[in-house]
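Structure first, commentary second.
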2 protein chains.
Amino acid sequence: MDPIDKFREYIKEKGLRNTPERETIIEEIFCTHDHFDADELFLRLRNKRRRISKASLYRTIPLLIESGLIKEVYFENGHRHYEQIYGYKHHCHLRCANCGKIIEFADDEVVKIQERIGKKYGFVITSHRFELVGYCPQCAKRGVGRKRRQLFTKERGKEAR
Amino acid sequence: MDPIDKFREYIKEKGLRNTPERETIIEEIFCTHDHFDADELFLRLRNKRRRISKASLYRTIPLLIESGLIKEVYFENGHRHYEQIYGYKHHCHLRCANCGKIIEFADDEVVKIQERIGKKYGFVITSHRFELVGYCPQCAKRGVGRKRRQLFTKERGKEAR
DNA sequence: ATTATTATTGAGATTCATTAGCAATAATAG
DNA sequence: CTATTATTGCTAATGAATCTCAATAATAAT
């Protein structure tokens with residue numbers, strides 16, 4: 001099923017109303033598999049002359065999460081980052097602490113741990129977040145991270161663009 | 001070694017200066033094993049008549065992270081949450097999406113996955129974050145989460161206090 | 001299709017966590 | 001003890017995310 005249809009289903013079930021703005025947002029998110037944040041998404045839309053207000057964008061995000069189209073993947077540089085999950089098999093992230101490169105991986109053991117721990121503590125587990133952080137082959141080779149890494153330093157103004 | 005001594009070591013190594021404010025902050029953090037956020041910590045200090053400015057507190061947090069005393073555990077309700085890691089064995093978190101209860105658990109498989117994935121992609125892995133989210137026995141029994149869960153709704157004003 | 005109801009939009013104001021600027025203070029080296 | 005300069009505390013600034021409110025538009029009912 002199309003993400004937009006999936007969303008329509010959710011909207012109907014909840015007694016909400018669908019709008020072109022919301023569908024435009026979904027289209028934009030699903031035209032690539034990249035991770036995104038609110039501001040990036042806003043700019044992507046604006047570059048395509050689709051003027052959606054930031055308020056609407058922020059208001060739509062929780063709906064997309066609840067309908068199972070996207071999820072929040074991590075919080076970094078002072079804001080939330082999301083990725084689509086609808087239509088993609090579940091995966092975890094491996095991230096380079098130096099260059100920011102992200103690799104998606106899947107490992108069957110993760111689910112087994114989840115089941116084991118859930119049973120042990122009597123929890124009904126609905127989701128997990130597993131992120132590995134380290135240095136990618138290139139950055140590790142250059143010896144980055146041995147000396148000084150930048151923690152907590154909010155980079156200003158999206159240099160790489 | 002005492003957390004404060006550990007911090008002094010770090011300060012010396014970095015050529016920084018130690019201050020009573022910083023030691024007061026460390027003392028307060030390590031007098032209990034509770035998770036905390038910046039504002040909670042500020043209030044705990046104020047209740048004990050230790051007046052540290054918020055600016056200093058925020059400036060100290062990255063130092064505590066870099067020196068290995070604490071780490072950021074999750075981002076929720078619009079702000080960061082931390083926990084001490086120095087002197088405690090590594091663990092992961094199991095969190096109830098309804099009541100917020102947090103259980104710390106350890107599972108040997110987590111490290112094995114980390115090693116396996118690191119080797120597979122040539123990464124030097126330095127840390128991981130593994131969080132399971134679901135419903136605790138009590139909340140699951142009451143059927144919470146089947147109907148409507150509150151996502152993204154920032155609760156105002158720390159009700160439970 | 002027309003109308004009534006009310007969810008949604010957009011623009012701007014607001015909130016709140018976090019950071020930055022600056023003058024005064026105090027930690028360290030010499 | 002003095003000089004250097006990191007650190008503090010205050011306040012202002014920033015920026016993500018939320019809220020307000022009047023105007024608009026999606027749906028249901030006619």
Side-chain angles (χ1 to χ4, degrees), chain A residues 4 7-26 36-43 45-46 49-67 70 72 74-82 150-158, chain B residues 4 7-26 36-43 45-46 49-67 72-82 150-158:
Chain A
I4 290 187
F7 186 69
R8 286 195 181 121
E9 205 174 74
Y10 166 79
I11 285 295
K12 177 159 286 179
E13 178 193 312
K14 286 280 179 176
L16 303 175
R17 293 176 187 171
N18 198 12
T19 68
E21 286 83 0
R22 289 174 177 174
E23 299 202 348
T24 301
I25 291 172
I26 295 172
F36 62 93
D37 58 47
D39 200 56
E40 272 170 26
L41 186 52
F42 179 73
L43 292 177
L45 288 162
R46 209 153 59 82
R49 314 289 148 197
R50 321 244 54 157
R51 299 190 163 278
I52 314 278
S53 73
K54 274 198 175 170
S56 294
L57 209 162
Y58 274 111
R59 276 184 296 230
T60 302
I61 289 173
L63 300 179
L64 300 180
I65 292 176
E66 269 225 75
S67 62
I70 67 172
E72 191 185 321
Y74 50 83
F75 178 85
E76 212 169 72
N77 294 327
H79 58 266
R80 298 167 164 112
H81 294 251
Y82 308 91
Q150 298 267 4
L151 282 184
F152 234 62
T153 309
K154 183 164 170 179
E155 93 267 16
R156 305 249 164 222
K158 317 245 171 193
Chain B
I4 290 188
F7 186 70
R8 287 195 181 119
E9 205 173 74
Y10 165 78
I11 284 295
K12 177 159 289 179
E13 178 192 314
K14 287 279 179 177
L16 302 175
R17 293 176 188 173
N18 198 12
T19 67
E21 287 82 0
R22 290 174 176 174
E23 299 203 348
T24 300
I25 292 172
I26 295 171
F36 63 93
D37 58 48
D39 200 56
E40 272 169 26
L41 186 53
F42 179 73
L43 292 176
L45 287 162
R46 208 152 59 82
R49 314 290 148 197
R50 322 245 54 158
R51 299 189 162 279
I52 314 276
S53 75
K54 274 198 175 172
S56 293
L57 208 162
Y58 273 110
R59 277 184 294 230
T60 302
I61 289 174
L63 300 180
L64 300 180
I65 292 176
E66 268 225 76
S67 61
E72 191 184 321
V73 275
Y74 50 84
F75 177 86
E76 210 169 73
N77 294 328
H79 58 266
R80 297 167 164 111
H81 295 252
Y82 307 91
Q150 298 267 4
L151 282 185
F152 234 63
T153 310
K154 185 162 168 180
E155 92 265 17
R156 304 250 164 221
K158 317 243 171 198

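No experiment lies behind these values; they were computed from the predicted model shown. Numbered from 1 within each chain, the chains take letters A, B, ... in sequence-line order.
Within the nucleic acid shown, B/Arg59 comes within 4.0 Å of at least one base atom, counting heavy atoms only.
Between B/Tyr74 atom OH and C/dA17 atom P there is a gap of 15 Å when expressed in whole angstrom units. Whole-Å rounding puts the B/Glu40 CD to C/dA17 P distance at 11 Å. Atom CZ of A/Phe42 and atom C1' of C/dA11 are 11 Å apart (whole Å). Rounded to whole angstrom, the span from the CZ atom of B/Arg51 across to the C1' atom of C/dT25 amounts to 19 Å. The CZ atom of A/Arg80 sits 12 Å away from the P atom of C/dT18 (whole-angstrom rounding). Distance A/Glu76 CD to C/dA17 C1': 17 Å, rounded to the nearest Å. Protein atom CG of B/Leu63 is 12 Å distant from nucleotide atom P of C/dT19, rounded to whole Å. Atom CD of A/Glu23 is separated from atom P of C/dT8 by 13 Å (rounded to the nearest Å).
The ring pair (Phe, Tyr, Trp, His ring centres under 6.0 Å) check on B/Tyr74 picks up B/His81, with sequence neighbours excluded. For A/Glu23, the salt bridge (Lys or Arg N to Asp or Glu O under 4.0 Å) partners at least two apart in sequence or on another chain are A/Arg8. With sequence neighbours excluded, the residues that form a side-chain hydrogen bond (donor to acceptor under 3.5 Å, both in side chains) with A/Lys54 are A/Asp39. B/Arg50 meets the side chain to side chain contact (heavy atoms under 4.5 Å, CB included) test with B/Thr24, B/Leu45, B/Lys48; sequence neighbours excluded.
Judged by closest nucleotide on DNA chain D, B/Leu57 is the one of B/Leu57 and B/Phe75 placed further toward the 5' end. Each of B/Gly15 and B/Ile52 has a nearest nucleotide on DNA chain D; the 5'-most of these lies closest to B/Gly15.
Contact of the A/Arg46 side chain with the A/Ile52 side chain is not registered, since no non-hydrogen atoms from C-beta on lie closer than 4.5 Å. Side-chain contact between A/Glu21 and A/Thr60 is absent, with no heavy atoms from C-beta onward closer than 4.5 Å. Looking at B/Arg80 and A/Phe75, their side chains come closer than 4.5 Å, going by heavy atoms from C-beta outward.
Between its opening and closing five pairs, the helix from C/dA1-D/dT30 to C/dG30-D/dC1 changes axis direction by 50°, a value rounded to 10 degrees.
In this structure, A/Ser56 does not reach the C/dT8 phosphate: none of its side-chain N or O atoms is under 4.0 Å from OP1 or OP2.
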Discussion item. What verdict does the side-chain contact (heavy atoms from CB on, under 4.5 Å) test give for B/Asp37 and B/Glu76, after you've listed the backbone C-alpha separation in whole Å, the side-chain angles of each residue and the deciding distance to 0.1 Å?
Written reply: CA-CA 10 Å; B/Asp37 58 48; B/Glu76 210 169 73; over 6 Å; no
Practice prompt. Kindly determine whether A/Leu41 and A/Tyr82 satisfy side-chain contact (heavy atoms from CB on, under 4.5 Å), including the steps that lead there.
Written response: CA-CA 10 Å; A/Leu41 186 52; A/Tyr82 308 91; over 6 Å; no
Quick test: give all pairs of protein nitrogen or oxygen and nucleotides 26-30 of chain D nitrogen or oxygen below 3.5 Å, distance rounded to 0.1 Å.
{"residue": "D/dA26", "atom": "O3'", "partner": "A/Asn18", "partner atom": "O", "Å": "3.2"}
{"residue": "D/dA26", "atom": "N3", "partner": "A/Arg17", "partner atom": "NH1", "Å": "3.2"}
{"residue": "D/dT27", "atom": "OP1", "partner": "A/Asn18", "partner atom": "N", "Å": "3.0"}

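Counting only heavy atoms from C-beta on, A/Tyr58 has its side chain closest to D/dA17 among D/dA17, D/dT8, C/dT9.
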